[in-house]
> 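Quick one: the structure is below, questions incoming.
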Amino acid sequence: MPAPPPGQTPWGPPPSGFQAPPPPQAQPRNGMGVTALVLGISGVVLGLMVFLFWMSWLPALLALIFGIVGLGHVRKGVATNRGMALTGIVLGVVGLLLAVGGGVFTVSKVTAFADDIREQNEAVEAAEASAEASASAEASASAAAEEARNLTFGETYTYENSLKITISTPQPFVPDDFAMGHAKGNKALQVTVIAVNDGKKAVDFKTGLPNVRDADGADAELLIDGSGRQKVLTGNLLPGKRSVGKYAYSLPPDAADRIRVEFSPDVMEYDDTIWTGPLK
């Protein structure tokens with residue numbers, strides 16, 4: 001069938017007043033602008049949540065990219081949502097700034113927290129070191145005081161109240177026939193305690209009785225006879241005065257020749273001072 005002449009249809013000329021429809025137009029490519037807007041909003045929202053900055057930078061960056069592409073489409077006439085694309089760009093920039101700010105803020109807070117922890121640890125370490133140094137100093141002072149309380153016979157120990165005590169080398173003692181605390185064959189000895197009050201107050205002897213034992217730890221028994229040679233330090237010793245106490249003890253026959261004498265004018269206030277040495 002031959003083609004109809006121009007302006008006519010196969011069925012004849014068109015009716016009077018008839019106009020042919022315009023050719024179909026392409027749909028606008030607004031997807032980039034819409035995507036940029038959505039991503040920009042997401043980036044800003046995540047950026048406002050400071051500690052989610054690490055999640056906000058990517059949608060913000062994509063919003064900036066898609067917004068620029070969307071503006072390009074608008075300039076080419078293939079898109080009509082210029083406002084969305086621009087808004088997406090702006091929100092993308094804001095989101096990136098928020099991401100950077102959140103990162104700086106988080107790093108500063110973490111650094112400050114780490115500094116606080118380090119300072120606390122340093123303070124704890126310093127306190128522990130100080131406590132150790134104090135304990136060491138106390139231990140050294142205690143050891144020095146302990147060493148100062150260990151003397152040999154004839155040496156003098158001065159107490160805090162300026163009382164001076166000297167214990168002479170123990171001498172052999174011959175008890176009389178009425179001695180108590182001494183068995184036949186035992187070794188009898190006499191311990192002499194010399195007390196001098198160099199202080200300004202009287203000293204009260206509450207426990208002026210020495211404790212005697214040999215080097216092997218065997219205790220000596222207090223010996224009492226009727227000779228009147230024993231004298232117990234008791235009562236008050238006035239300032240500047242001197243007093244002498246004499247005590248007799250009995251040791252087993254096999255006792256060691258080295259003697260240990262422990263003495264304190266008041267066991268409730270002072271530790272025992274120890275004198276050691278050979279039995280003369």
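As a basis for the values below, the full set of heavy atoms in this structure was taken, side chains included, without hydrogen atoms, waters or symmetry mates.
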> Take a 6.0 Å sphere around CZ of Arg149 and say whether it holds more than 12 heavy atoms from other residues, nucleotides or ligands.
yes
> Do any N or O atoms from the side chain of Asp272 and from the backbone of Glu262 form a donor-acceptor pair under 3.5 angstrom?
no
> So does Val104 get a backbone contact from the side chain of Ser108, meaning a donor-acceptor N/O pair under 3.5 Å?
yes
> What closest approach, in Å, do Val193 and Pro210 show between heavy atoms, and which atom pair accounts for it?
CG2-CG, 3.9 Å
> Of all the heavy-atom pairs spanning Gln230 and Ser227, show the shortest one and how long it is.
OE1-OG, 4.3 Å
> Would you say the side-chain atoms of Asp176 pair up with the backbone N or O of Gly226, donor to acceptor, closer than 3.5 Å?
yes
> Quick check on the hydrophobic clustering: are Ile259 and Tyr157 connected, directly or via other members, by side-chain heavy-atom contacts under 4.5 Å?
yes
> Please check this pair: side chain of Thr87 against backbone of Gly83, looking for a donor-acceptor N/O pair closer than 3.5 Å.
yes
> Determine whether a donor-acceptor pair (N or O, by modelled atom type, separation under 3.5 Å) exists between the side chain of Ser264 and the backbone of Tyr270.
yes
> Membership question, hydrophobic clusters at under 4.5 Å side-chain separation (ILVMFWY): are Met49 and Val94 in the same one?
yes
> Nearest 0.5 Å, please: how far is CG in Asn81 from CG in Leu37?
9.0 Å
> So, for Ala183 and Ser250, which heavy atoms are closest and what is the spacing to 0.1 Å?
N-OG, 4.2 Å
> Any non-hydrogen side-chain atom of Asp225 less than 4.5 Å from a side-chain atom of Phe178?
no
> Starting at CG of Leu163, measure out to CG of Asp204 and round the result to the nearest 0.5 Å.
11.0 Å
> Distance check, rounded to the nearest 0.5 Å: Leu86 atom CG versus Leu91 atom CG?
11.0 Å
> Between Trp275 (side chain only) and Glu155 (backbone N and O only), is there a donor and an acceptor less than 3.5 Å apart?
yes
> Identify the two heavy atoms, one from Pro175 and one from Arg229, that lie closest to each other, and give their separation to 0.1 Å.
CA-NH2, 3.9 Å
> For a side-chain contact (heavy atoms from CB on, under 4.5 Å) check, start with the C-alpha distance between Val69 and Arg29, then their side-chain angles and the critical distance, and finish with the verdict.
CA-CA 11 Å; Val69 175; Arg29 298 168 61 183; over 6 Å; no
> From Thr111 OG1 over to Asp116 CG, what is the distance, rounded to the nearest 0.5 angstrom?
11.0 Å
> Does Asn236 use its side chain to pair, donor to acceptor, with the backbone of Leu238 at less than 3.5 Å?
no
> Give, for atom OH of Tyr247 and atom CG of Leu233, the distance between the pair rounded to the nearest 0.5 Å.
4.0 Å
> Please report the interatomic distance CG(Leu64) to CG(Leu39), rounded to the nearest 0.5 Å.
11.0 Å
> Do Asn30 and Thr80 meet the criterion of a side-chain donor-acceptor pair at a distance under 3.5 Å?
yes
> Treating Ser130 as the side-chain partner and Ala126 as the backbone partner, does any N or O pair qualify as donor plus acceptor under 3.5 Å?
no
> Might you work through the side-chain contact (heavy atoms from CB on, under 4.5 Å) test for Met32 and Thr35, ending with a clear yes or no?
CA-CA 5 Å; Met32 288 294 181; Thr35 303; 5.6 Å; no
> Hey, is the main chain of Glu125 close enough, under 3.5 Å, to the side chain of Asn121 for a donor-acceptor pair?
no
> Mind checking whether Asn186 and Pro253 have side chains closer than 4.5 Å, heavy atoms only?
yes
> Can you see which heavy atom on Thr156 is nearest to which on Thr166, and at what distance?
OG1-OG1, 2.5 Å
> Shortest non-hydrogen contact from Ser243 to Lys231?
OG-NZ, 4.0 Å
> Do Val191 and Phe205 share a hydrophobic cluster, counting only Ile, Leu, Val, Met, Phe, Trp and Tyr and linking them when any side-chain heavy atoms are less than 4.5 Å apart?
yes
> Examine distances only and state if a side-chain atom of Asp216 and a backbone atom of Ala218 form a donor-acceptor pair shorter than 3.5 Å.
no
> Hey, is CZ on Arg82 packed in by over 12 heavy atoms from elsewhere, all under 6.0 Å?
no
> The test is side-chain contact (heavy atoms from CB on, under 4.5 Å); show your working for Thr273 and Ile165 and say whether it passes.
CA-CA 9 Å; Thr273 305; Ile165 298 293; over 6 Å; no
> Using the rule that Ile, Leu, Val, Met, Phe, Trp and Tyr join whenever any side-chain heavy atoms are under 4.5 Å apart, tell me whether Val261 and Leu222 fall into a single cluster.
yes
> Kindly work out whether a path of hydrophobic side-chain contacts (I/L/V/M/F/W/Y, heavy atoms less than 4.5 Å apart) joins Leu96 to Leu58.
yes
